[in-house]
There are 2 protein chains.
Amino acid sequence: MQGSNTQRKLTIQDIARLAGVSKATVSRVLNHRPSVNPSLRERVLRTIHEYGFIPNATATGLASGHTRLLGVLAPPLTWPAIPEIMRGVAEYIEGSPYEIVLYSISFERNHSDVLDRILSMSMVSGLLAILPGGLGRYLYQRFHLGLPLVVIDDQKVPAQVPRVGIDNVNSAYTATRYLLELGHRRIAHIQGPLHYLCSQERYQGYCRALEEAGITPDPNLLLQGSFEVESGQRCAETLFSRPRNAWPTAIFSANDQMAYGVMDVAERLGVRIPEDVSLVGFDDNMLSSHLRPPLTTVHQPFSDMGFKAVELLLNMLDSQHSKQQEECSIHLQLPTQLCIRKSSGPPYYLLS
Amino acid sequence: MQGSNTQRKLTIQDIARLAGVSKATVSRVLNHRPSVNPSLRERVLRTIHEYGFIPNATATGLASGHTRLLGVLAPPLTWPAIPEIMRGVAEYIEGSPYEIVLYSISFERNHSDVLDRILSMSMVSGLLAILPGGLGRYLYQRFHLGLPLVVIDDQKVPAQVPRVGIDNVNSAYTATRYLLELGHRRIAHIQGPLHYLCSQERYQGYCRALEEAGITPDPNLLLQGSFEVESGQRCAETLFSRPRNAWPTAIFSANDQMAYGVMDVAERLGVRIPEDVSLVGFDDNMLSSHLRPPLTTVHQPFSDMGFKAVELLLNMLDSQHSKQQEECSIHLQLPTQLCIRKSSGPPYYLLS
DNA sequence: TTGTATGCGTTATCAC
DNA sequence: GTGATAACGCATACAA
C-alpha cells in the first residue's frame with residue numbers, strides 16, 4: 001500500500017508510452033496547446049480517455065507554479081448569510097477547473113498568523129475574503145504585494161481592492177422610507193455593531209430618510225445590537241419596558257436575526273406585529289418568509305454576490321497570467337430589494 | 001511578476017544556506033525527525049523563524065505523496081444541517097495541520113465522473129462524505145481500494161465503511177411516544193423521501209411506538225414529503241382539507257423544514273398549534289426555537305457529528321501511515337435529544 | 001510540430 | 001547525525 005488507492009496511478013509518462021509519443025506532447029495536449037498535430041492529438045486524447053487518466057494536481061501545481069485552488073476565507077457557516085453566498089460560489093466553481101479551500105475562521109481575534117501561513121504555503125492561487133473583519137488590513141497589504149483578492153461586503157477597503165457588495169445606505173433609506181409612507185413617525189432603529197461599516201451605513205440611510213421627512217432622529221429610538229438574535233431581544237425588552245406612549249410604532253432592524261429577537265419578545269409580551277408595532281429587517285435570510293408573521297425585509301442577493309465574486313477572482317487570475325493586469329478599481333454593487341410581507345403595516349392610530 | 005507575491009519565496013535551500021547546513025537537515029527539522037543534533041536543530045529553527053519560512057505545500061505534497069488536504073463532499077450548504085456539521089468540521093480542522101477542500105455538489109444526478117476526477121487528482125488524502133446519496137456506492141468501492149473515507153449519516157453503507165450518525169429509529173420512537181403520552185391517538189407522519197434510509201428508519205420508529213400503544217398505523221395519516229418546506233405545505237393542505245373529524249391531533253414531521261410548511265398552512269387556515277394540532281419535527285435546526293410557536297423537535301448533534309467524523313478520518317490517516325490499518329468496523333452513533341417546546345401539547349379533547 | 005532535458009521545492013535513500 | 005542525490009509528476013525552454 002503506497003498511496004490512497006492501491007493500483008499505481010498512471011502518469012503522463014505512461015500515457016506517452018501507450019500513445020507512442022513523448023511526455024511533452026501529452027502535456028501539450030492536456031494544456032490545449034495549439035501547436036500539436038491533429039492526428040497525434042487525437043491519438044493521445046483517445047488513450048487518455050481510454051485509461052481514464054487524470055493529471056496529478058500536486059505535480060501540475062509544482063511545475064506550473066499555480067494551483068487550481070481558490071481560498072475562501074469566511075466566518076462560521078452558521079452565520080445565516082454565508083451558506084447563501086457559498087451557494088453562489090459553488091455554482092460558479094462547478095463550471096470551472098478550480099476547487100475551493102475553505103478557511104472557516106472565527107474572526108474575533110486577529111488571526112494574521114493563520115493568514116500568513118495560508119498564503120505562504122502558496123497552496124491557493126487566489127483568495128475570496130468574506131467579511132474578513134480585522135483581517136482586512138493584512139489582506140490588502142498582500143493584495144498590493146500581488147495576491148489576487150476579492151472581498152465581499154462591508155469593509156472600508158482601499159479603492160483598488162476588488163470587492164462586491166450592496167448599497168447599504170440606499171437600501172436602508174428605501175426601507176425606512178417605506179415605513180414613513182405607511183404613516184409611521186416614531187421609527188426605532190436597532191443598529192448593528194459599530195465596527196461593521198454596514199451598520200453605520202444602514203444607520204445613515206435610516207437617518208437620511210427620516211430627515212427628508214422632516215423628522216429628527218430620536219436618540220431614544222436608536223438601540224445598539226450585535227447582529228445576534230439575543231441582542232434583538234434585549235433591545236425589544238428595552239423598548240417595550242417603557243410606557244406605551246414612548247414606544248415606536250415601527251422598528252427597523254439592521255438585520256433579520258435581531259428582528260427575530262424582537263418577534264420573540266413581542267410574542268412573549270403580547271405585543272402584536274404589525275398591529276402594535278411594525279417590524280422591518282435586513283438580509284432576507286432563508287427562513288424570514290416562513291416566520292409568523294413573515295418578515296418584511298431588505299433582500300440581499302447573497303448567492304449572486306458569491307457568484308460574481310468568484311467570477312471576478314477567476315478573471316483576475318486569467319488576466320494576471322496574461323500579464324495584462326488592469327489598474328482600474330472594481331466595486332460591484334448588486335441591487336437589493338425590499339420584500340414587503342406581513343410584519344409591517346400602517347401605525348395603529350391609522351388603522352380603521 | 002512571477003507568482004502571487006512579488007518577493008521570491010524562500011525555499012528550504014535558502015534556509016539551508018543561511019543556517020549553514022544541508023537541505024536534508026532542514027527537512028528533517030521540519031518533519032520533527034529525532035535524529036538531528038539539538039544544536040543544529042536549534043540553529044535551523046531560529047533561521048526558519050527569523051525569515052518566517054513556510055514550506056511550499058505543493059512541493060511537500062508531491063514529494064511525500066500525500067497532501068494535507070481533506071475533501072469534504074457535501075450537499076449545498078443551504079441545506080440547514082450542513083452549516084452546523086461544517087462548524088464541527090472547521091472546529092476540529094482548526095487544531096490540525098489539515099485544510100478543507102469543499103466539494104459542494106447537488107446530488108440529484110450521479111456525478112460519479114466528478115468524483116473520479118476529484119479522487120484521481122490525488123489532491124486530497126481523505127474524504128468526508130456528507131449525505132452522499134447515490135454517490136455512496138462509488139465511494140465504498142474507492143474505500144475498499146484504499147481511500148480513507150468517513151461517511152456522515154443515513155446511508156446503507158457496507159459495515160466496514162466508517163460512519164457517524166444517529167439512531168433514527170429510536171429517536172423517532174421517542175418523539176412519537178412523547179405524543180402518545182400526551183394522549184394523542186391520531187398521529188400523522190410526514191415522511192421524508194424514501195430513497196433516504198433515515199426516512200424509512202424514522203417511519204419505523206413512528207410505527208413501533210404506535211404499535212406498542214396498540215394503535216395500527218393509519219395509511220391515511222401517512223403523508224409523503226420531500227424534506228422541503230413546500231412539501232410540508234402540501235401535506236398540511238391535504239390533511240386540513242379533510243373533514244375536521246378526519247384530522248390528526250398531532251403531526252410528526254420527519255424534519256423541521258416540512259414542519260415549517262405545516263405551520264405556514266396552519267396559520268393561513270386558522271388552525272391553532274398546539275391547541276388544534278400538535279406538531280413535532282426532527283433535526284432542531286437553528287431557527288426552530290425562534291418560530292412561533294417554538295417547535296418541539298428531535299435535536300441532532302450536527303456539530304458533534306462533523307467534529308467526530310473529521311477526528312475519525314484523521315486518525316485513519318495516521319494509522320494508515322503507520323501501516324496498522326485496523327480492520328474493525330466503526331459506526332459512531334451520537335445521542336439525540338427530544339426538545340419539548342410550545343408546538344406540542346395534549347389533544348384538544350383533553351384540554352380543560 | 002515534436003522530442004530532450006531541465007526545473008519546480010520537497011522528501012527519501014543512500015552513503016559517509 | 002549529516003550531506004549529496006535521486007525521486008515525485010508535470011511544464012517548458014530549447015534543440016531538432
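Proteins get letters first, then strands, A, B, ... in listed order; numbering begins at 1 in each.
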Within the distance-only criterion (no hydrogens, no angle test), does the side chain of [X] pair as donor or acceptor with the backbone N or O of [Y] below 3.5 angstrom?
X      : Y     : result
B:S303 : B:I85 : no
B:T25  : B:V21 : no
B:T47  : B:V44 : yes
A:N31  : A:R33 : no

Item to check | CA sep, side-chain torsions, deciding dist, call: A:R46, A:E42, salt bridge (charged side-chain N to carboxylate O under 4.0 Å, His left out) | outcome: CA-CA 6 Å; A:R46 254 214 325 279; A:E42 172 65 20; 3.8 Å; yes

Taking side chain as C-beta onward, heavy atoms only, is [X] less than 4.5 Å from [Y]?
X      : Y      : result
B:Y51  : B:L18  : yes
B:V114 : B:Y103 : no
B:L30  : B:I48  : yes
A:E99  : A:L70  : no

Checklist entry - Charged N to carboxylate O below 4.0 Å: is that the case for B:D116 and B:R142? => result yes

Listed pairs, N/O of protein and of nucleotides 1-5 of chain D, under 3.5 Å:
| residue | atom | partner | partner atom | Å |
| --- | --- | --- | --- | --- |
| D:dT2 | OP2 | B:N37 | N | 2.5 |
| D:dG3 | OP2 | B:S22 | N | 3.3 |
| D:dG3 | OP2 | B:S22 | OG | 3.3 |
| D:dG3 | OP2 | B:T25 | OG1 | 2.5 |
| D:dG3 | N7 | B:R28 | NH2 | 2.7 |
| D:dG3 | O6 | B:R28 | NH1 | 3.4 |

Spacing of [X] atom [atom1] relative to [N] atom [atom2], expressed in whole Å:
X      : N      : atom1 : atom2 : value
B:D14  : C:dC8  : CG    : C1'   : 13 Å
B:Q13  : C:dC8  : CD    : P     : 10 Å
B:N31  : C:dT11 : CG    : P     : 4 Å
A:I15  : D:dA11 : CD1   : C1'   : 17 Å
B:R17  : C:dG9  : CZ    : P     : 13 Å
B:H66  : D:dG9  : NE2   : C1'   : 17 Å
B:M121 : D:dG9  : CE    : C1'   : 15 Å
A:M123 : C:dT10 : CE    : C1'   : 13 Å

Next on the checklist: Any side-chain N or O of A:R33 below 4.0 angstrom from OP1/OP2 of D:dT12?
Outcome noted: yes

Checklist entry - Any side-chain N or O of A:S27 less than 4.0 Å from the OP1 or OP2 oxygen of D:dA11? => result yes

Checklist entry - Quick one: which of B:V101, B:I130, B:L115, B:V151 gives a side-chain contact (heavy atoms from CB on, under 4.5 Å) with B:L73? => result B:L115

Next on the checklist: Using C1' atoms of five pairs at each end, report the bend of the helix from C:dT1-D:dA16 to C:dC16-D:dG1 rounded to 10 degrees.
Outcome noted: 40°

Checklist entry - Taking DNA chain C as the partner, which of residues 48-61 of chain B come within under 4.0 angstrom of it by heavy atom? => result B:F53, B:P55, B:N56, B:A59, B:T60

